[in-house]
Amino acid sequence: MESKIIDESKQGEALVREVQKNTFSAGKKMFLESYGCQMNFADSEIVASILIDKGYTTTSDYKEADIIFVNTCAIRENAESKVRQRLYDYKKVKKTNKNLLIGVLGCMAERLKHQFLEQEKLVDMVVGPDAYRDLPNLIAVAEGGQQAINVLLSKEETYADISPVRLDANGVSAFVSIMRGCDNMCSFCVVPFTRGRERSREPETIVKEAREAFENGYREITLLGQNVNSYLWSGGGLKKENLTEEQKANSTTFAELLEMVALIHPELRVRYSTSHPKDMGDDVLHMMAKYENICKYVHLPVQSGNSDVLEKMNRGYTREWYLDRIAAIRRILPDAGISADIITGFCGETEEQHQDTLSLMEDVQYEFAYMFSYSERPKTLAERKYKDDVPAEIKSRRLTEIVDAQRRHSEIRTKQGLGKVYKVLVENVSKKSADMMSGRNSQNTVCVFPKGNLKKGDYVNVLITSCTSGTLIGECV
Ligand code: SAH
Ligand code: SF4
Ligand code: F3S
């Protein structure tokens with residue numbers, strides 16, 4: 001089978017364009033499955049929008065689909081194994097449905113490129129995160145019986161003009177991408193390779209998307225980027241360091257963007273993810289304090305509590321700097337919820353360095369944390385420069401210690417909510433009981449309360465009367 005390929009090495013050949021004529025037929029069904037971070041889920045909503053525009057409909061049953069897309073994550077090895085397993089499962093469906101097309105999208109597509117088509121023959125289409133506008137062409141190529149790939153990364157693409165189709169929606173919370181890519185080059189991380197250079201999206205398009213969501217009944221917007229604190233819109237996509245004083249004065253910073261979104265409506269909550277400690281300035285914290293509807297919650301990944309490890313990770317801050325940022329949050333936003341990401345067993349991590357992570361956790365007492373064993377990723381700085389030399393059983397023992405500490409801290413933090421009254425946005429019927437509803441307070445802790453006449457999207461004040469390790473339970477007041 002001949003393969004039609006667009007990738008970095010064949011830029012400009014645009015082989016795929018010639019098939020644009022459209023073998024596209026209306027009414028075909030796509031099944032779209034997403035893995036990884038919220039940005040990937042937001043991207044799937046862009047993909048859905050592009051294809052629905054071309055006459056496709058979505059289905060939740062892959063067995064009846066004409067086309068299956070798996071939007072993938074490459075962050076850790078086990079994320080990739082899970083996807084690979086799914087792709088093998090889907091390939092089996094081809095035995096009974098000969099016309100079925102399978103496409104792999106997102107970060108793993110970007111990382112593995114042709115390997116999917118050539119070595120494994122697992123899929124018909126390989127599409128990187130900046131190439132979704134090309135999907136109609138690529139599908140046409142695949143429908144013509146050829147393999148299709150576009151893994152070009154872009155310096156400009158932000159899909160700013162595409163209105164996402166809200167897929168997995170509870171109708172209350174929506175995610176809005178404000179930037180793409182990452183320029184940080186943390187030594188453990190594959191994202192700069194799979195998502196390309198950092199670029200910010202025009203603020204007016206962000207506000208427009210958030211306003212439309214509000215008008216459609218949504219009550220919470222989460223602004224997404226790998227490092228939202230370095231968001232900067234200067235019109236021409238220029239970086240901070242290359243701007244003149246005048247251009248700087250006319251640029252939109254992340255704090256200003258937060259304000260623009262907060263001003264849409266007081267009933268629209270604003271959240272964001274993810275902050276980077278090295279770029280987390282007080283301006284953002286003051287802006288959060290200024291508006292009641294900007295949620296008092298900061299996710300501030302620390303990765304390690306030891307400065308030498310942080311340096312090897314190329315994170316751009318020390319333990320002291322990080323703790324200073326935590327102090328700033330506590331000072332400016334005294335009741336804020338704080339969470340983190342932590343990696344155990346990074347290259348060369350000693351027992352003492354691991355203890356430093358535990359002691360930092362004791363200092364901060366996070367509400368919540370995402371904790372991972374280090375997983376070496378091909379091409380990253382760490383893979384090239386350092387040995388992945390902490391044995392698996394030690395990584396796993398350290399992870400257990402960190403998870404145990406976090407469990408304790410979550411419990412302590414949750415208990416502090418007892419007797420308090422929180423304003424909660426009603427999001428869902430509780431998983432435990434049909435008579436109860438659930439939602440989150442501003443600090444991002446899940447609260448459960450009696451249903452009464454409440455419906456999704458309402459705000460309610462809840463007096464907390466009891467709790468589990470991570471959930472607050474109360475009554476409406
Ligand atoms: N941009 C965000 C994080 C994105 S990835 C930030 O800089 O904070 C989400 C988390 O996955 C990271 O914070 C890190 O804790 C974890 N992670 C990334 N690469 C990893 C790897 N190679 N092994 C284990 N965990 C990793
Ligand atoms: Fe990865 Fe670091 Fe960028 Fe986060 S900031 S996506 S960890 S390179
Ligand atoms: Fe995964 Fe890509 Fe997100 S690697 S974490 S899906 S940016």
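Along the sequence shown, residues are numbered consecutively beginning with 1. Atoms within each ligand, like the ligands themselves, are counted from 1 in listed order.
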Quiz item: Which atoms of ligand 1 are found less than 4.0 Å from any heavy atom of Gln303?
Solution: 8 (O), 12 (C), 13 (O), 14 (C), 15 (O)

Quiz item: Does Arg195 come within less than 4.0 angstrom of ligand 3, counting non-hydrogen atoms of the residue?
Solution: yes

Quiz item: If you draw a 6.0 Å radius around NZ in Lys208, do more than 12 non-hydrogen atoms from other residues or ligands fall strictly inside?
Solution: no

Quiz prompt | Gln226 contact mode with ligand 3 (heavy-atom cut-off under 4.0 Å) | solution = side chain

Self-check item: Polar contact flag for Ser275 and ligand 1 (N/O pairs, less than 3.5 Å)
Solution: no

Practice problem: Look at the side chain of Asn314 and the backbone N and O of Met185, then say whether any donor-acceptor pair between them is shorter than 3.5 Å. | Solution: yes

Quiz prompt | Residue and atom name of the nearest protein heavy atom (relative to atom 7 (O) of ligand 1), distance in Å to one decimal | solution = Arg315 NH1, 3.1 Å

Practice problem: Report the part of Asn184 in contact with ligand 1, treating N, CA, C, O as backbone and CB onward as side chain, heavy atoms under 4.0 Å; options are side chain, backbone, both, neither. | Solution: neither

Exercise. Determine whether Ile343 and Met313 make a side-chain contact, defined as any pair of heavy atoms from C-beta on separated by less than 4.5 Å.
Key: yes

Self-check item: N/O separation below 3.5 Å, Gln226 to ligand 1
Solution: yes

Quiz item: Of all the non-hydrogen atoms in the protein, which one sits nearest to atom 16 (C) of ligand 1, and at what distance?
Solution: Arg76 NH1, 3.2 Å

Self-check item: 2.8 Å cut-off met by an N, O or S atom of His276 to atom 2 (Fe) of ligand 2
Solution: no

Self-check item: Any Ala74 heavy atom less than 4.0 Å from ligand 3
Solution: yes

Practice problem: Run the numbers on Tyr62 and Tyr90 for ring-ring contact (aromatic ring centres under 6.0 Å, His included), then give the verdict. | Solution: CA-CA 8 Å; Tyr62 70 86; Tyr90 292 143; 4.9 Å; yes

Quiz item: When you look for heavy atoms under 4.0 Å from ligand 2, do you find them on the side chain of Asn227, its backbone, both, or neither?
Solution: neither

Quiz item: For ligand 1, which atoms, with element, lie under 4.0 Å from some heavy atom of Asp341?
Solution: 9 (C), 10 (C), 12 (C), 13 (O), 15 (O)

Quiz item: How close does the nearest protein non-hydrogen atom get to atom 5 (S) of ligand 1, and which residue and atom is it?
Solution: Ile75 CD1, 3.5 Å

Exercise. Please determine if Phe188 has a nitrogen or oxygen closer than 3.5 Å to a nitrogen or oxygen of ligand 1.
Key: yes

Quiz prompt | Side chain, backbone, both or neither: Pro192 near ligand 2, heavy atoms under 4.0 Å | solution = side chain

Exercise. Enumerate the atoms of ligand 1 whose separation from the nearest heavy atom of Ser373 is less than 4.0 angstrom.
Key: 23 (N), 24 (C)

Quiz item: Mind checking whether Arg315 has a heavy atom under 4.0 Å from ligand 2?
Solution: yes

Quiz item: Looking at Tyr386, does the NZ or CZ of Lys312 lie under 6.0 angstrom from its six-membered ring centre and within 45 degrees of the ring axis?
Solution: yes

Exercise. May I ask you to check if ligand 1 and Ser375 share an N or O to N or O distance below 3.5 Å?
Key: yes

Quiz item: Which heavy atom of the protein is the closest neighbour of atom 1 (Fe) of ligand 2, given with residue, atom name and distance?
Solution: Cys189 SG, 2.3 Å

Exercise. Show which atoms of ligand 1 fall inside a sub-4.0 Å distance from at least one heavy-atom site of Pro301.
Key: 8 (O)

Practice problem: Anything under 30° is parallel, anything over 60° is perpendicular, the rest tilted; go ahead and classify Tyr370 against His299. | Solution: perpendicular

Self-check item: Sole residue of Arg407, Gln406, Arg408 in side chain to side chain donor-acceptor pair (under 3.5 Å) with Ser410
Solution: Gln406

Practice problem: With heavy atoms under 4.0 Å as the rule, classify the contact between Cys182 and ligand 2 as side chain, backbone, both or neither. | Solution: side chain

Quiz prompt | Which of the ligand 1 atoms, numbered from 1, are nearer than 4.0 Å to a heavy atom of Arg377 | solution = 22 (N)

Quiz prompt | Polar side chain donor-acceptor pair, Asp43 to Asn71, under 3.5 angstrom | solution = no

